[in-house]
Amino acid sequence: MFSVKLLTMNFNLCYNTDMLKRASAGILMLSGLAYAFYPFNAEDTNTLGGFGKFQIETDYAYFKNYDGSSHQDYILQLTMGITPKVDLAVAVPYSAFRYPDREDLKGLNDASIFIKHILLEQKDLKLGYKITAVLDTGKKGIGYGKPVYNANVMLEKDIGDSTLNFNAFYTKAAQVEELRDIYGFYLHAYTNLYKYLTLGGELKYSIPEERDTKKKDIHILIGAVFHPNDRIDISLGLHKSLNRDKSFSNYGLLAGLLMRF
């Protein structure tokens, strides 16, 4: 299965708010990245296949932002099969932020837990959903500061060696100051070119989480996943925003290692 899917006390209020929004954006993006067919954001409809099956993955992402700042995210995720159509996972991220004119910020970000359930599996068509809770467990000033919840609905169709995927998602984040609820969709396609290589691309369109941002969050992502055997995936990806705004990431580089047991 190709399973996969971010402060110190003496800062002033304006500084803390900016940190919160940037950290929140990072963990929200990675809540998708960590749980999907990494390095893609759109959630897939594959599961581990039953109780007692496990998967561990370590994911890395580097993002350069339009405001000159950058951040890196390291994620450790453990996924467990519950039934043939249900998976449960826990992810713990570590984030490091760099700013051109401010003190660097780093530490544990908010942990997440999700459950994925495939409702329908009929020939080459699958329908499922995923519910995620982002917990307030990170270092003070990193992450949301309050629990945040996300829902995905996934519709996926196989066409030969290729897969087409549509994701609709909604994130409940308005309980966090200066943020709003987010909704949007992903269009995602990938194909198995060779036995050991999968290539794919993705388009995202969503309402941005920051209340004062008027532009839509539109980005593309291309990625490759190398499968040296049935138990290991090695992934690489490139992210690029199509809309320019100081609150968006200009580009991102992603890499991951996944092992199944």
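Remember, it's a predicted structure, so these values are computed and weren't measured experimentally.
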task = Apply side-chain hydrogen bond (donor to acceptor under 3.5 Å, both in side chains) to Asn250 and Ser241, showing your working.
result = CA-CA 5 Å; Asn250 180 7; Ser241 292; over 6 Å; no

Transitive ILVMFWY side-chain link [X] to [Y], under 4.5 Å:
X: Tyr196; Y: Met259; value: yes
X: Leu127; Y: Tyr129; value: no
X: Ile131; Y: Leu78; value: yes
X: Ile115; Y: Ile118; value: no
X: Leu236; Y: Phe226; value: no

Taking all non-hydrogen atoms of both residues, which atom of [X] and which atom of [Y] are closest, and how far apart?
X: Leu179; Y: Ala173; value: CB-O, 3.8 Å
X: Lys240; Y: Tyr66; value: NZ-OH, 3.4 Å
X: Gly145; Y: Asp110; value: N-OD2, 4.2 Å
X: Asp59; Y: Gly256; value: OD1-CA, 3.7 Å
X: Lys85; Y: Glu121; value: CE-OE1, 4.1 Å
X: Asn243; Y: Phe248; value: O-CD1, 3.4 Å

Residue pair [X] / [Y], side-chain heavy-atom distance below 4.5 Å:
X: His219; Y: Glu202; answer: yes
X: Met80; Y: Leu48; answer: no
X: Asp44; Y: Thr163; answer: no
X: Ile113; Y: Val90; answer: yes
X: Phe97; Y: Phe63; answer: no
X: Ile232; Y: Leu257; answer: yes
X: Leu258; Y: Tyr38; answer: no

Hydrophobic clusters join Ile, Leu, Val, Met, Phe, Trp and Tyr when side-chain heavy atoms are under 4.5 Å apart, directly or via other members; which others share one with [X]?
X: Leu164; answer: Ile159
X: Ile218; answer: Phe166, Phe185, Leu187, Leu203, Tyr205, Ile220, Leu242
X: Tyr183; answer: Tyr170, Ile207
X: Tyr194; answer: Leu193, Leu197, Leu199

Looking at residues at least two apart in the chain, or sitting in another chain, which of them share a side chain to side chain contact (heavy atoms under 4.5 Å, CB included) with [X]?
X: Val92; value: Leu108, Ala111
X: Phe51; value: none
X: Pro147; value: Asp136, Tyr149

task = Please work out whether the ring planes of Phe37 and His188 are parallel, tilted or perpendicular, with thresholds of 30° and 60°.
result =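 Phe37 and His188: tilted rings.
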
inquiry  = Which label fits Tyr94 and Tyr74: parallel for a plane angle under 30°, tilted from 30 to 60°, or perpendicular past 60°?
reply    =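 Judged by the thresholds at 30° and 60°, the geometry between Tyr94 and Tyr74 is tilted.
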
query = Between Leu221 and Leu254, is a side-chain contact (heavy atoms from CB on, under 4.5 Å) present by the stated rule, with each step listed?
reply = CA-CA 10 Å; Leu221 190 148; Leu254 307 100; 4.2 Å; yes

inquiry  = With salt bridge (Lys or Arg N to Asp or Glu O under 4.0 Å) as the rule and sequence neighbours excluded, what pairs involving residues 179-193 come up?
reply    =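 Residue pairs with at least one partner in residues 179-193: Lys172-Asp181.
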
Taking salt bridge (Lys or Arg N to Asp or Glu O under 4.0 Å) as the test, write out the residues that go with [X], two or more places apart.
X: Asp161; answer: none
X: Lys64; answer: none
X: Asp124; answer: Lys157
X: Arg211; answer: none

message = Between Leu125 and Leu155, does the side-chain contact (heavy atoms from CB on, under 4.5 Å) criterion hold? Intermediate values first, please.
response = CA-CA 8 Å; Leu125 186 68; Leu155 180 63; 3.8 Å; yes

Working to the nearest 0.5 angstrom, can you tell me the gap between [X] [atom1] and [Y] [atom2]?
X: Tyr186; Y: Met154; atom1: OH; atom2: CE; value: 12.5 Å
X: Lys214; Y: Lys216; atom1: NZ; atom2: NZ; value: 9.5 Å
X: Ile82; Y: Lys53; atom1: CD1; atom2: NZ; value: 13.0 Å
X: Lys106; Y: Asn109; atom1: NZ; atom2: CG; value: 14.5 Å
X: Gln55; Y: Arg231; atom1: CD; atom2: CZ; value: 11.5 Å
X: Asp87; Y: Lys116; atom1: CG; atom2: NZ; value: 6.0 Å

Is a side-chain donor-acceptor pair under 3.5 Å present for [Y] with [X]?
X: Asn192; Y: His227; value: no
X: Ser95; Y: Asp73; value: yes
X: Ser249; Y: Asn65; value: yes
X: Asn167; Y: Asn165; value: yes
X: Asp233; Y: Ser235; value: no

inquiry  = Between Asp230 and Arg260 (salt bridge meaning N to carboxylate O under 4.0 Å), is one present in this structure?
reply    =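 No.
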
Please answer whether the main-chain N or O of [Y] pairs with a side-chain N or O of [X] as donor and acceptor at a distance below 3.5 Å.
X: Lys126; Y: Asn46; result: no
X: Thr47; Y: Pro84; result: yes
X: Lys215; Y: Asp245; result: no

task = May I have the step-by-step check of side-chain contact (heavy atoms from CB on, under 4.5 Å) for Leu88 and Thr79, ending in yes or no?
result = CA-CA 6 Å; Leu88 179 69; Thr79 305; over 6 Å; no

